[in-house]
Amino acid sequence: MAGRTIDLARSLARVQSGGIPLRAEERLAEEAGPNRKLFTSDLSVNEFVLARDAGCTPIAQLMGSSIYHIGQIPDYKGKTAELTVISDGHRTSRRRALSRLYTEAQLVGADAVIGVQLRDRMITMGARGKGGDDGGEVTEFTVVGTAIRAPFLTHRPGEPIVTDLSGQDLWALIQDGWEPCGFFFDFCKYHGWHVTSGPSGGGEVTTANHVVETARDLVIGRVTAQAQQAAAEFVVGSGLTIDVREVPCGYGGCTLDDLDVNVSWFGTGIRRIPGWKEPPGDVPPLLLSMMSLKKRRDNSLDEEDDDAADVERAAEEAEENALEVAEYNEPDDA
Amino acid sequence: MTQDLPKHARERIAEMRAKKLFTSDLSVSEFLLVKEAGFDPLGLVMGSSIYQIAPTIPNLAPGQPGCEITDMTRALYHARELAMNRMEEEADELGADGVVGVRLTVRLGTNPTKQWWILYREWQDWARSTGFPRSSTLLGMGWERWPDVAAPMWSHYCQQLGWSPEPPAPWTRPRAQTAYSFGPNAAEFLAIGCAVRHRGGESYKNIHGKPFQSDLSGQDFWTLIRSGYRPVGFVMGNCVYYVPPQLLQAPPADSCELGAYTHSLYDARELATERLQDEAEALGATGIVGVTFAEREHSGRFAPWNAGNGALQSGEVIELFVVGTAVVPSDAGGTLPKPTLVLSANDEPEPLPGSSSQRGE
């Protein structure tokens with residue numbers, strides 16, 4: 001059990017200003033120091049072996065997390081626009097979580113953090129129903145990854161590279177002369193007013209299309225800007241999710257519905273390793289493996305007992321229920 | 001120690017030893033690779049523990065940012081330990097050097113109310129996908145009497161389709177998984193693995209003279225042995241933490257980080273990680289590979305009136321659970337050939353259950 005006592009008020013103040021708690025800092029400093037006892041890594045054995053072959057040594061498992069309250073927003077009836085309060089909330093919480101991961105990586109003297117895994121959890125659903133998501137939610141965003149020493153990576157001293165690439169991916173990239181140079185992300189919540197047509201008519205619903213396109217363009221633009229700033233040549237390993245929901249427009253008796261779009265993007269920027277020369281050789285051989293070295297079919301941990309999914313389900317129910325009520329109240333003109 | 005095993009388990013193991021017959025849950029590749037690494041599978045070993053956990057929500061002094069529920073941490077830890085010790089004993093009885101492919105499952109869903117709630121959810125899903133309005137299935141406070149609504153709904157549906165006699169409704173059919181009812185607050189812990197022994201008679205037991213345990217698959221085990229390491233134990237650390245509702249409060253219009261909650265999460269992680277490392281150090285390990293980090297929420301809120309915002313009233317109970325395999329470098333050193341890039345002609349493997357799409361495994 002924890003033997004150390006820490007100054008709680010100071011530790012809390014550190015977190016408030018975007019830092020990491022004192023206890024975590026002390027432990028990580030110890031792990032990177034001369035009295036280091038063991039390494040911890042969340043890499044699989046294959047990744048571990050490959051990463052070692054690529055000249056990496058694992059140091060410690062790191063975490064960055066931020067629990068964020070998103071401000072409740074006033075009625076946005078009749079508008080087509082990005083809901084900046086919600087977008088900013090998600091973005092800030094991600095940035096805070098990643099910056100804590102980065103701080104931890106600096107503390108252990110890492111060259112990079114690889115295999116970053118993300119967890120996004122809704123803790124309370126906030127105001128839901130009337131017009132879809134009206135803010136007021138509490139969300140958790142957590143990233144976990146493994147800090148490694150990788151002497152071949154070029155980066156400014158004290159500025160580790162964070163990437164969601166696995167050990168295998170990193171190894172394959174290095175073989176081909178590429179290195180990661182940054183982790184980019186953005187989030188956009190976009191609301192489109194009166195986009196879904198009524199029961200009559202046919203063809204593409206262009207207004208709805210436009211809403212999805214705009215939201216995607218906004219995110220792509222921001223991620224591209226981040227990539228340019230980090231001098232990345234490509235963005236790989238992208239995790240892009242687009243979540244589209246129909247929500248009531250908020251006017252009683254109106255037949256038209258609104259659209260809520262969530263776009264989230266994570267990706268790793270890569271660039272040529274300076275001074276890298278193409279080795280002589282052909283395309284890698286084609287191999288049909290009889291004995292796979294993949295992981296086994298089941299995980300060691302059973303996830304069935306997590307109650308977190310109930311919150312998202314409740315939020316979904318509240319929205320759909322409001323939509324049904326709105327439809328029920330519609331004047332019967334069809 | 002072995003007296004702790006049930007009579008029938010002892011008999012089974014004695015018989016397996018005598019007949020040299022082994023049972024295992026290894027896949028073909030795993031079996032061949034475990035053999036190739038110089039080990040013989042001896043048999044499937046398991047241990048289980050059914051444990052009653054009474055959560056006590058502590059009274060917090062004002063200004064205190066949440067705290068660990070030590071009783072519950074200990075209970076969850078102890079129950080896992082019991083299950084794993086029983087598995088270890090079985091392996092020891094078989095004369096094993098170690099256990100590979102250890103899976104540790106925890107089922108907290110043995111609460112009868114929770115099971116009733118799961119069935120209610122299943123009916124709701126069916127009704128929703130069949131086209132009944134969502135509102136007709138939201139029963140609020142009276143949710144426990146849901147069959148009163150579900151039964152006529154199913155009859156109506158069968159009538160519409162002309163099904164006669166009425167087949168049993170999907171939610172009344174037997175479950176694929178056994179659903180025990182041990183009562184509220186009971187949990188089932190189960191550890192299963194495959195016991196192995198080194199063919200050359202080399203001892204792979206850990207510094208306590210016990211068989212090593214590891215959650216590595218046969219493939220991972222082979223790779224690890226070939227790369228010059230050997231597993232010494234399955235190590236874990238956990239922490240159950242209570243976050244009071246005040247920490248979730250913020251002025252409604254403000255977008256801000258909930259620093260005290262974030263701090264609590266970190267605190268829980270620090271405690272769990274420290275315990276993981278203590279265990280590994282006690283085994284004399286130099287590192288831990290394959291660390292799995294799980295964060296779970298154990299509030300057990302099936303209060304339908306505010307499931308979405310329930311945390312604002314009752315706070316949250318989170319558990320951080322970290323497990324991994326402790327390793328030490330072996331004397332033999334590594335003989336793994338240098339990996340080369342190849343293009344795989346294999347079919348795309350099926351995604352692992354519960355695996356994150358962010359990771360190209």
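Letters A, B, ... are given to chains in the order of the sequence lines, protein chains preceding strands, and every chain is numbered from 1.
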Interatomic spacing from [atom1] in [X] to [atom2] in [Y] - rounded to 0.5 Å:
X	Y	atom1	atom2	answer
T40(A)	I288(B)	OG1	CD1	6.0 Å
R91(A)	S255(B)	CZ	OG	11.5 Å
E140(A)	L258(B)	CD	CG	11.0 Å
Q61(A)	F293(B)	CD	CZ	6.5 Å
H69(A)	Y261(B)	NE2	OH	13.5 Å
E295(B)	S65(A)	CD	OG	7.0 Å

Heavy-atom pairs under 4.5 Å with chain B, option from Q175(A), Q72(A), M63(A) with the top count: M63(A)
Closest-packed option against chain B by number of heavy-atom pairs under 4.5 Å, given L12(A), I86(A), T146(A): L12(A)
Main chain of [Y], side chain of [X]: is a donor-acceptor contact present, judged purely on distance under 3.5 Å?
X	Y	result
T286(B)	L38(A)	no
T262(B)	I67(A)	yes
N309(B)	G126(A)	yes
Y266(B)	L22(A)	no

Heavy-atom cut-off 4.5 Å, strictly under: side chain, backbone, both or neither for [X] against chain B?
X	result
V144(A)	side chain
I20(A)	side chain
S93(A)	neither

Considering all heavy atoms, the nearest Q16(A)-A260(B) contact: NE2-N, 4.2 Å
Salt-bridge present (E257(B), R95(A); N to O < 4.0 Å): no
Test: R27(A) and E274(B) ion pair at under 4.0 Å: no
R128(B) portion near chain A, given a 4.5 angstrom heavy-atom threshold: side chain
Toward chain A, the part of T273(B) with a non-hydrogen atom under 4.5 Å: side chain
For chain A, the option from L247(B), L265(B), L248(B) that forms the most heavy-atom pairs under 4.5 Å: L265(B)
Heavy-atom pair count under 4.5 Å with chain A, highest-scoring of R269(B), E281(B), E319(B): R269(B)
Contact check, side chains of I318(B) and R121(A), non-hydrogen atoms, under 4.5 Å: yes
Between H263(B) and S11(A): side-chain donor-acceptor atoms closer than 3.5 Å: yes
